[in-house]
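Right, one structure below, let's go through it.
Because the structure is a prediction, the values reported are computed rather than measured. Here is how names work: the chains are called A, B, and so on, in the same order as the sequence lines, proteins then strands, and each is numbered from 1.
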2 protein chains.
Amino acid sequence: MAQPDRAPPNGGETLLFLTDEQLRQGIEAMFFAYRGFTADPDRILAELCYGRAHHRALHFINCAPGTTVNNLLSILGVTKQSLNRVLRTLIADGLVESRVGRSDRRERHLHLTEEGRALEQRLSDAQRARMRKAYRQAGPEAVAGFRKVLESMMDSEQRRQYHALRDGRGQASGGRE
Amino acid sequence: MAQPDRAPPNGGETLLFLTDEQLRQGIEAMFFAYRGFTADPDRILAELCYGRAHHRALHFINCAPGTTVNNLLSILGVTKQSLNRVLRTLIADGLVESRVGRSDRRERHLHLTEEGRALEQRLSDAQRARMRKAYRQAGPEAVAGFRKVLESMMDSEQRRQYHALRDGRGQASGGRE
DNA sequence: TTGGAATGTCAACAACGCTGACTTAAACTG
DNA sequence: CAGTTTAAGTCAGCGTTGTTGACATTCCAA
């Protein structure tokens, strides 16, 4: 999977000799791009007195309807208390529904309500619009490279979860109750 | 600069027809990759009871020594108080020096001390190591695409600042006092 | 010289991470 | 069945980092 770390066969490619300056530019690009990446949903959330944490919860519940609290915890990488604070408001506001598990009644399975789906749509529409614009401006090859670098930048655990989400959506499954 | 938004000339490239699923994967890739991106410095910072905000301040003061508080504010995109709290601790701990401006005595010009430079080095070494690994695994073409997409994802103002930083480092200038 | 604009400082508050201790309910295990 | 483990939720309390608003200092222009 990973190419071995060796010098390029000839002088044709200079990028494998990576100067601190090149890497620094990449770091700054990530910093500024992530700001852009979150800017649009943040504006919408601010109107509703929600934060990024609410958005993340909505996003991943939408991706894997019926997911359990524990599962969500491991995806989001936060503590129970942090997630619970957010989930409590989302449930109270009628955006998320928590159903007792059928096979294991200790578990709670999370679903978006109609209203929750609507907000998730609105948020991810905004984010997708920016993504679409960036992808189109950069072109298909750039997109492939973008994805490749991002994936290499993840920790192995994060990469595992990233793929699990993709695959889970490919089939119709996701979560059972 | 931006390619016009039209269909590809033939069916060779499917990426300009962007499904919601493709965009969603890009969004999730950004989410997980950013976690990886900040993980290494975060660990170091936690030892020292600092946070990401301290890292950002050190980074940009190091890039543009002699920069003013106001300038730093606009780069970081936070409020004065957020930055000030961080600067105060960095100054108290002897990592940053704040010199009253010569031509305009309202301004404070910020510099890293020897100790500040050392910590900045340590932090950015960690971050660059991850970046270097990702770049090498993905290859030079992927890196070019990565940079292209990130740049398209920024707001125009962020893109301006991103370029200003690059260019400022190209020459030896940066900031005067 | 006086009034406004720019620069920076500080107090107080909110969002959202964290830890640790605890409860409840259900499932598992010997 | 008794004891342990697991899933979820709660409470108290804390730290970082974002916010707003008031304030001091300095500069500049009318």
For this session: Verify the contact: side-chain N or O of B:Asn70 to OP1 or OP2 of C:dT7, cut-off strictly under 4.0 Å; return yes or no.
Result: yes
Exercise. What is the distance from atom CZ of A:Phe31 to atom CZ of B:Arg56, rounded to the nearest 0.5 Å?
Worked result: 5.5 Å
Exercise. Hey, does the side chain of B:Arg88 come within less than 4.0 Å of C:dC10's phosphate (OP1/OP2), counting only N and O?
Worked result: yes
Which side-chain N or O atoms in residues 42-50 of chain A pair as donor and acceptor under 3.5 Å with protein atoms at least two apart or in another chain?
unit_1  : atom_1 : unit_2   : atom_2 : d
A:Asp42 : OD1    : A:Arg52  : NE     : 3.3
A:Asp42 : OD2    : A:Arg52  : NE     : 3.2
A:Asp42 : OD2    : A:Arg52  : NH2    : 2.8
A:Arg43 : NH2    : A:Asp40  : OD1    : 2.7
A:Glu47 : OE1    : A:Arg122 : NH2    : 3.4
A:Tyr50 : OH     : A:Asp93  : OD2    : 2.3

Pair up each side-chain donor or acceptor in residues 72-92 of chain B with any protein partner under 3.5 Å, not counting sequence neighbours, and list the distances.
unit_1  : atom_1 : unit_2  : atom_2 : d
B:Ser74 : OG     : B:Asn71 : O      : 2.9
B:Thr89 : OG1    : B:His54 : NE2    : 3.2
B:Thr89 : OG1    : B:Val86 : O      : 2.9

Exercise. Closer to the 5' end of DNA chain C via nearest nucleotide, is it A:Val78 or A:Cys49?
Worked result: A:Cys49
Seminar exercise, completed: B:Arg106 CZ to C:dG4 C1', in whole Å, measures 11 Å
Exercise. In terms of the nearest nucleotide of DNA chain C, which residue is placed more toward the 5' end: A:Val86 or B:Leu87?
Worked result: B:Leu87
For this session: Could you tell me whether A:Arg160 and A:Glu157 have a side-chain N and a carboxylate O separated by less than 4.0 Å?
Result: yes
For this session: Find the distance A:Lys80:NZ to C:dG17:C1' and express it as a whole number of Å.
Result: 16 Å
Problem set entry | Taking every non-hydrogen atom, the tightest pair across A:His109 and A:Gly101 | CD2-CA, 3.3 Å
Problem set entry | Start and end of the DNA chain D segment that chain B contacts, any atom under 4.0 Å from a heavy atom | D:dT16 to D:dC27
For this session: Assess whether one donor atom and one acceptor atom, taken from the side chain of B:Gln81 and the base of C:dA11, lie less than 3.5 Å apart.
Result: yes
For this session: Name the nucleic acid region contacted by A:Gly77, choosing base, sugar-phosphate or nothing; use a 4.0 angstrom heavy-atom cut-off, strictly under.
Result: sugar-phosphate
For this session: Give a yes/no answer on whether the side chain of A:Thr79 brings an N or O atom under 4.0 Å of OP1 or OP2 in C:dC18.
Result: yes
Problem set entry | Interatomic distance, B:Asp42 CG vs C:dC18 C1' [rounded to whole Å] | 13 Å
Problem set entry | Spacing of A:His55 atom NE2 relative to C:dA15 atom C1', expressed in whole Å | 17 Å
Exercise. Heavy atoms under 4.0 Å, any strand shown: does A:Arg85 hit a base, just sugar-phosphate, or nothing?
Worked result: base
For this session: May I have the distance from A:Leu48 (atom CG) to C:dA15 (atom C1'), rounded to whole angstrom?
Result: 15 Å
For this session: Report the distance from atom CG of A:Asn84 to atom P of C:dA15, rounded to the nearest whole Å.
Result: 17 Å
Exercise. Is any side-chain heavy atom of A:Gln161 less than 4.5 Å from a side-chain heavy atom of B:Glu28?
Worked result: no
For this session: Describe, in one word, how the ring planes of A:Phe32 and B:Tyr162 are oriented to each other, choosing from parallel (under 30°), tilted (30 to 60°) and perpendicular (over 60°).
Result: perpendicular
Problem set entry | Separation of atom CZ in A:Arg105 from atom P in C:dC28, rounded to whole Å | 13 Å
Exercise. How close or far is atom P of C:dC10 from atom CZ of B:Arg108, stated in whole angstroms?
Worked result: 10 Å
